[in-house]
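Below you'll find the structure, written out as structure tokens, and then a few comments.
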Amino acid sequence: MSKGITKRSDDYSQWYLDVVLKAEMADYSPVRGCMVIRPTGYGIWEKIQQQLDRMFKETGHVNAYFPMFIPESFLQKEAEHVEGFAPECAMVTHGGGKKLEEPLAIRPTSETIIWSTYKNWISSHRDLPLLINQWANVCRWEMRTRLFLRTTEFLWQEGHTAHATHEEAEEETFKMVNVYRDFAENYMAMPVLVGRKTEAEKFAGAEHTYCIEAMMQDGKALQAGTSHHLGQKFAQAFDVKFQDKDGELKYVQASSWGVSTRLVGGMVMTHSDDNGLVVPPRLAPTPVVFVPIYRKDEERALVLEKAEALAAGWDKLFYKIDDRDQYKPGYKFAEWELKGIPVRIEIGPRDVASDSVVVVRRDTGEKESVSAEALHGHVETLLENMQADMFARAKKRMEENTFTVDSYEEYKERVADGGFYRVFLDHANPEVEQQMQEDTRSTIRCIPFDAPEESGPCMITGAPCSYRVVAAQSY
RNA sequence: CGGGGUGUAGCGCAGUCCGGUCUAGCGCGCCUGGUUCGGGACCAGGAGGUCGGAGGUUCAAAUCCUCUCACCCCGACCA
């Protein structure tokens, strides 16, 4: 069927690369670890941006833009932050033909430049909360990269908020991880686990980190979004204080939260199949493609005219008519499948004669004949159903691959096969997680918010635990 | 940075072990013309290559030697 896509069952990571490259989502760049995002991939990122941007604004945030160059000294102001990011920073040492007095880091994240600026913007409780987001590129010099999932430069959004109290910052941190959950589930059709990161996994410079974790088709976890309560760490590092109602000077409380182009990779690994990309309708830049079928010029004219008529009333961006003459219909079918267009409408002379069309859904491949009259309603319902079905399938898969395990021996045997493991682990003790990582290359993905109270012994040390955490191998 | 692999036309590959038949070939794609068109059409003609790079051995190198670069996969770091 599909030309040159490795089967998932043969080699999952090669399959992923094949899909991304063959569907023309991205290309390698001349620089190691960087990628060119092609229109098919960028269009999906744009849909992600549009919807998230709306959700951020609906929750009271505004966009701004901070520069990508950060004085090296800024990064050093917060101890944990430096330690976490220094090794992966790209540094600019020259400019204008001269060595710079102070090297500039290309932002790996913007906390430092933003808090150095917030210092000037905040003086009173009346300036709070400050709720700003930015869409930007960032750069992290990773040892090993993978298209979309981890690249040296990537695109993301980063929200940076300032609050008067710890509680308000907490409310914000929690609210935003739930925005991410809402987005992942309802737009990406990607079920996620929502919870808190362990000390070992949290953001460098956060008090605590909340996250959404998704499960890919091979059972590995993907951190899909994070929201951090930064407490007063950055406010102290950059001396950001405000005068409160009570007249006292206090350090501001902060949060930051982000998702990146990694989501595009997560979408691929959640929904796509051996025939190529499968895009959930709500992330499809163009959800519908008409493939005309004709033999002679008269038929071509007839069929295209009918397609135009059928599409009348639909937003121009909602559909496209593939009137390329140099390809046969079968070729076009295969190509649009590879590129993941959710709904294909086949229309030929026979359909025109019967005043109907053939409608095919990408996720299941099901075909049905639909009367012209019913087409709009049918397609709109179909897209909604696909969206729901894709989520349901992914959710079922996640549930079926989430296991409850009590013995470390059993865990060690099974975790490499993929899946989420609900286990008792003394995560407060960092050595426990470290040992597990050494033994199994797996980590605690999160402490789910909805973990029921349950008591049992840590599977490694036997220490008493009062709930289970979720551990898995991850990307 | 370790371990494995691959670099030959836009893509996928053969040729490399055992140097000469390679003036480098095949499939797909591309260009021209015609016939086709309901699941990746067919025929005919054509364009396209510093064989990853540098150095060496040789009468002769895609092929042997040395060095080097890039990319992919698997680990250690991470959204």
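Below, chain A is the first sequence line, B the second, and so on; all start at residue 1. Side-chain atoms are counted along with the backbone in the values below, which use heavy atoms only and exclude waters and symmetry mates.
Between His376(A) and Trp314(A), the ring planes are parallel. Angles under 30° get that label, and only those over 60° would be called perpendicular. Using cut-offs of 30° and 60° for the angle between ring planes, the Phe238(A) and Phe234(A) rings count as parallel. In this pair, Phe154(A) and Trp156(A) present their aromatic rings perpendicular. The plane angle is above 60°, beyond the 30 to 60° band. Aromatic ring pairs are classed by plane angle as parallel below 30°, tilted from 30° to 60° and perpendicular above 60°; the pair Phe56(A) and His61(A) is perpendicular.
rG48(B) and rA54(B) are spaced 26 Å apart, taking the C1' atom of each and rounding to whole Å. Using P as the reference atom, rG46(B) and rC26(B) are 13 Å apart when rounded to the nearest Å. To the nearest whole angstrom, the two P atoms, one in rC64(B) and one in rG5(B), are 16 Å apart. rA9(B) and rA14(B): their P atoms are spaced 12 Å apart (whole Å). One C1' atom belongs to rG7(B), the other to rA79(B), and the distance between them is 32 Å to the nearest Å. For the P atom pair drawn from rC22(B) and rG3(B), the interatomic distance equals 39 Å after rounding to whole Å. With P as the reference atom, rC13(B) and rC72(B) are 15 Å apart, rounded to whole Å. Remark: the separation of the P atoms in rU50(B) and rG25(B) is 14 Å, to the nearest Å.
Contact check for Met390(A) versus Val278(A): side-chain heavy atoms found under the 4.5 Å cut-off. When side chains are defined from C-beta on, Trp257(A) does not count as touching Val179(A), because their heavy atoms never get closer than 4.5 Å.
Cation-pi check for Arg344(A) over Phe333(A) is met; the charged atom lies under 6.0 angstrom from the ring centroid and within 45 degrees of its normal.
Counting distance only, with no hydrogens placed and no angle test, the side-chain atoms of Lys367(A) and the base atoms of rG38(B) include no donor-acceptor pair under 3.5 Å. For rG40(B), the base has no donor-acceptor partner in the side chain of Glu335(A) [N/O atoms by modelled type, under 3.5 angstrom]. No N or O donor and acceptor, one from the side chain of Arg140(A) and one from the base of rC78(B), sit under 3.5 Å apart. At a cut-off of 3.5 angstrom, counting only N and O atoms as typed in the model, there is no donor on one side facing an acceptor on the other between the side-chain of Arg295(A) and the base of rG38(B).
Protein atom CZ of Arg344(A) is 11 Å distant from nucleotide atom C1' of rG38(B), rounded to whole Å. The distance from atom NZ of Lys220(A) to atom P of rC78(B) is 16 Å, rounded to the nearest whole Å. Taking atom OH on Tyr475(A) and atom P on rA76(B), their separation rounds to 14 Å, with Å as the unit. What separates NZ of Lys328(A) from C1' of rG38(B) is a distance of 10 Å, to the nearest Å. Following rounding to the nearest Å, Gln434(A) (CD) and rA76(B) (P) show an atom-to-atom distance of 13 Å. In this entry the distance linking CZ of Arg146(A) with C1' of rC77(B) reads 14 Å, nearest Å. Per the geometry, CD belonging to Glu80(A) stands 13 Å off P belonging to rC78(B), to the nearest Å. The CG atom of Leu21(A) sits 14 Å away from the C1' atom of rC73(B) (whole-angstrom rounding).
Among the heavy atoms of the strands lying under 4.0 Å from Leu17(A) are primed sugar atoms or P, OP1, OP2 only; no base atom is included. Nucleic acid contact class of Asp11(A) (heavy atoms, under 4.0 Å, all strands): none. Within the nucleic acid shown, Gln223(A) comes within 4.0 Å of sugar-phosphate atoms alone, with no base atom in reach, counting heavy atoms only. Using a 4.0 Å heavy-atom cutoff across all strands shown, Ser13(A) reaches sugar-phosphate atoms only and no base atom. Nucleic acid contact class of Val358(A) (heavy atoms, under 4.0 Å, all strands): base. The residue Arg324(A) sits apart from the nucleic acid: no heavy atom pair falls under 4.0 Å. Thr151(A) comes within 4.0 angstrom of a nucleotide base, judged by non-hydrogen atoms across all strands. Counting any heavy atom pair closer than 4.0 Å across all strands shown, Pro87(A) reaches no nucleic acid atom.
Considering only side-chain N and O atoms, Tyr327(A) lies under 4.0 angstrom from the phosphate OP1 or OP2 of rC30(B).
Summarising the local packing, CH2 of Trp141(A) is surrounded by 12 or fewer heavy atoms from other residues, nucleotides or ligands at distances under 6.0 Å.
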Under 3.5 Å, which protein N or O atoms sit close to an N or O of nucleotides 69-71 of chain B? Give each pair with its distance.
| residue | atom | partner | partner atom | Å |
| --- | --- | --- | --- | --- |
| rC71(B) | OP1 | Arg32(A) | N | 3.3 |
| rC71(B) | OP2 | Arg32(A) | NH1 | 3.3 |

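Side-chain proximity of Arg150(A) to rA79(B), rG38(B), rG39(B): nearest is rA79(B). Across rA79(B), rG38(B), rG75(B), the shortest atom-to-atom separation from the side chain of Arg441(A) is found for rG75(B). You'll find that the side chain of Glu346(A) is closest to rG38(B), out of rA79(B), rC37(B), rG38(B).
Between Arg324(A) and Glu335(A) a salt bridge is recorded (basic side-chain N to carboxylate O distance below 4.0 Å). For Glu213(A) and Lys197(A), the salt-bridge test passes: some basic side-chain N is under 4.0 Å from an acidic carboxylate O.
Residue order along RNA chain B, read from the 5' end via each residue's closest nucleotide, puts Met143(A) first among Met143(A) and Ala224(A). Nearest-nucleotide assignment on RNA chain B puts the 5′-proximal partner with Gln14(A), out of Trp156(A) and Gln14(A).
Contact between Thr226(A) and Tyr180(A) at its shortest, heavy atoms only, is O-CE1, 3.5 Å.
Aromatic pair Phe449(A)/Tyr210(A): centroids less than 6.0 angstrom apart. The distance between the ring centers of Trp115(A) and His81(A) does not fall below 6.0 angstrom.
For Phe154(A) and rA79(B), the ring-to-base geometry satisfies the stacking test (centroid distance below 5.5 Å, interplanar angle below 30°).
Nucleotide rC64(B) forms a Watson-Crick or G-U wobble pair with rG56(B), both donor-acceptor distances falling under 3.5 Å. Base pairing of rC42(B): its partner is rG34(B), meeting the Watson-Crick or G-U wobble criterion (both donor-acceptor distances under 3.5 Å). If you check rG75(B) for Watson-Crick or wobble pairing at under 3.5 angstrom, you find it paired to rC1(B). Pair assignment for rU21(B): none, as no Watson-Crick or G-U wobble contacts are both less than 3.5 Å. When Watson-Crick and G-U wobble pairs are counted only if both distances are under 3.5 Å, rC28(B) pairs with rG10(B).
Residues from residues 190-218 of chain A with heavy atoms under 4.0 angstrom of RNA chain B: there are none.
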